[in-house]
Amino acid sequence: MGVYNYNWDSSIGAANVIAITFRENISSNVNPLLIDNGVPGAGKKTLLGLARGRKTNFIRAFSFQSTIDLGTYQPTYTHNDRYWEFRVQLWYPTTSNITNGDTGNNRMLGNFVAPVGETYDITMYYGSRDLRLSTKTLIPNVGIVLNLTVDETFQSLETDSPFSYYNQYSNNDQVALLTAGYCGSRLNIQGLPASNALTALPCDNIIDINKNVEYGVQTWTPTYET
């Protein structure tokens, strides 16, 4: 089982799509000739993956691309007794990428639009190039763990947030407290300084204020793409 980590950051520039290459020991679990007979042309199978997010339960099936011809239809994979090399096109989940990239045809060509801040367990299969995994052959004992994070410098972070969002409030949980007006000397009620807002007598002019008792509370409402 391989663990792969990727962090979206400013070094990517304007690109919202990158390629992640995996190297996994498939030959120890499956006869290599069942997948890639080493001869160009017919008789080859496509490697496929089923990704499931641990926190979001986000699930997608997709094909893996060959690193030789970057294709998925009867591909030739770089492989030896130690590892097989294959890749997936990872798309950052902007609104446009979800619309254009998260389609069955695009995932069948080796593309994966995935929420960030998530850990994915990827199970591998092989068979014809389509996403009907119930008709494919499971590759046992080969599991991929993919961690996706995003840096605050990444330019697409603030422009799109399609998979979850939150409501921002000017006030959080609050408790009403009282403070006295300014009457020549600062008075303290409940331990808070008096306000300058009132300058006239009498001294019993009271101003209501609020004190945050729990800072940073946010209400998150997850949304899901189908």
Side-chain angles (χ1 to χ4, degrees), residues 2-24 46-75 77 85-125 127-133 136 144-170 216 218-226:
V3 178
Y4 303 81
N5 302 298
Y6 186 76
N7 181 57
W8 295 93
D9 59 31
S10 59
S11 65
I12 302 169
N16 285 321
V17 180
I18 56 97
I20 294 184
T21 299
F22 304 95
R23 294 178 178 87
E24 293 292 327
T46 299
L47 295 174
L48 304 106
L50 178 65
R52 181 190 298 271
R54 294 182 181 180
K55 292 178 285 188
T56 62
N57 203 36
F58 182 85
I59 301 173
R60 287 296 186 273
F62 50 84
S63 296
F64 286 107
Q65 297 177 344
S66 165
T67 56
I68 296 178
D69 54 19
L70 303 185
T72 57
Y73 179 69
Q74 295 181 343
Y77 294 101
E85 189 177 81
F86 46 92
R87 75 176 208 168
V88 67
Q89 290 280 105
L90 181 66
W91 297 43
Y92 185 80
T94 62
T95 299
S96 60
N97 278 356
I98 294 171
T99 301
N100 299 323
D102 194 25
T103 65
N105 287 337
N106 207 38
R107 285 185 275 114
M108 191 167 61
L109 295 175
N111 298 281
F112 180 34
V113 186
V116 296
E118 177 62 291
T119 298
Y120 296 93
D121 294 299
I122 302 177
T123 305
M124 292 193 64
Y125 299 79
S128 57
R129 189 191 65 173
D130 60 61
L131 302 180
R132 297 173 297 175
L133 296 183
K136 305 301 181 288
I144 295 173
V145 176
L146 176 61
N147 296 309
L148 296 182
T149 55
V150 60
D151 190 82
E152 62 181 3
T153 62
F154 187 55
Q155 64 178 12
S156 295
L157 180 64
E158 300 299 333
T159 57
D160 296 283
S161 183
F163 287 97
S164 64
Y165 65 93
Y166 67 94
N167 297 321
Q168 183 173 343
Y169 301 95
S170 58
Q218 297 169 334
T219 301
W220 290 76
T221 304
T223 58
Y224 303 95
E225 298 294 326
T226 58

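Predicted model only: the values in this text are computed from it and were never measured.
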Query raised in the report: How many angstroms lie between atom CD1 of Ile122 and atom CG of Leu146, to the nearest 0.5 angstrom?
Result: 5.0 Å

Query - Expected output: side-chain Asn100 to main-chain Ser96 donor-acceptor under 3.5 Å - result: yes

Query raised in the report: Taking side chain as C-beta onward, heavy atoms only, is Val150 less than 4.5 Å from Tyr92?
Result: yes

Report task. Give the intermediate values and the outcome of side chain to side chain contact (heavy atoms under 4.5 Å, CB included) for residues Phe86 and Met124. Result -> CA-CA 12 Å; Phe86 46 92; Met124 292 193 64; 3.5 Å; yes

Query raised in the report: If only atom types and distance count, is the side chain of Asn147 paired as donor or acceptor with the main-chain N or O of Asn5 below 3.5 Å?
Result: no

Query raised in the report: Just how far is it from atom CZ of Phe62 to atom CG of Leu47, taken to the nearest 0.5 Å?
Result: 11.0 Å

Query - Tyr120: ring-ring contact (aromatic ring centres under 6.0 Å, His included) partners, not counting sequence neighbours - result: Phe112

**Report entry** Distance-only side-chain donor-acceptor flag, Asn16 / Asn97, under 3.5 Å
**Finding:** no

Requested in this report: Identify, with sequence neighbours excluded, every residue that meets ring-ring contact (aromatic ring centres under 6.0 Å, His included) alongside Tyr73.
Outcome: none

Report task. Could you pull out the closest heavy-atom pair between Phe58 and Ala114, with the gap in Å? Result -> CE2-CA, 4.4 Å

Query raised in the report: Do the side chain of Thr103 and the main chain of Thr99 share a donor and acceptor less than 3.5 angstrom apart?
Result: no

Query raised in the report: Between CG of Asn7 and OG1 of Thr149, what distance do you get to the nearest 0.5 Å?
Result: 3.5 Å

Requested in this report: Taking the side chain as every heavy atom from C-beta outward, state whether Asp121 and Val145 have any atom pair closer than 4.5 Å.
Outcome: yes

Report task. Name all residues meeting the ring-ring contact (aromatic ring centres under 6.0 Å, His included) criterion together with Trp91; count only those two or more places apart in sequence or in a different chain, and write none if there are none. Result -> none

Query raised in the report: How long is the gap from OH on Tyr4 to OH on Tyr6, to the nearest 0.5 Å?
Result: 16.0 Å

Report task. Might you confirm whether atom CZ of Arg129 has over 12 heavy atoms from other residues, nucleotides or ligands at distances under 6.0 Å? Result -> yes

Report task. Examine distances only and state if a side-chain atom of Asp102 and a backbone atom of Val113 form a donor-acceptor pair shorter than 3.5 Å. Result -> no

**Report entry** Pairwise distance CD1(Ile144) to CG(Leu50) - rounded to 0.5 angstrom
**Finding:** 11.5 Å

Requested in this report: Write down the atom of Asp130, the atom of Met108, and the distance for their closest heavy-atom approach.
Outcome: CA-SD, 3.6 Å

Query raised in the report: Just by distance, do the side chain of Thr72 and the backbone of Phe64 share a donor-acceptor pair under 3.5 Å?
Result: no

Query raised in the report: Would a 4.5 Å heavy-atom cut-off, applied to side chains only, mark Gln89 and Val17 as touching?
Result: yes

**Report entry** For the student: nearest non-hydrogen atoms of Gln65 and Leu70, plus distance
**Finding:** CD-O, 3.9 Å

Query - Heavy-atom closest pair, residues Gly49 and Leu133 - result: O-CD1, 4.4 Å

Report task. Return yes if some donor-acceptor pair links the side-chain N/O of Lys136 with the main-chain N/O of Leu131 below 3.5 Å, else return no. Result -> no

Report summary line: Minimal heavy-atom distance between Val116 and Pro93, with the atoms involved, is CG1-CD, 4.2 Å

Report summary line: In short, Leu48 meets Thr46 closest at the heavy-atom pair CD1-O, 3.2 Å

Query raised in the report: Is a side-chain donor or acceptor of Glu85 paired with a backbone partner of Thr21 at a separation under 3.5 angstrom?
Result: no

Query - side chain to side chain contact (heavy atoms under 4.5 Å, CB included) assessment of Leu148 paired with Glu118 - result: CA-CA 6 Å; Leu148 296 182; Glu118 177 62 291; 5.6 Å; no

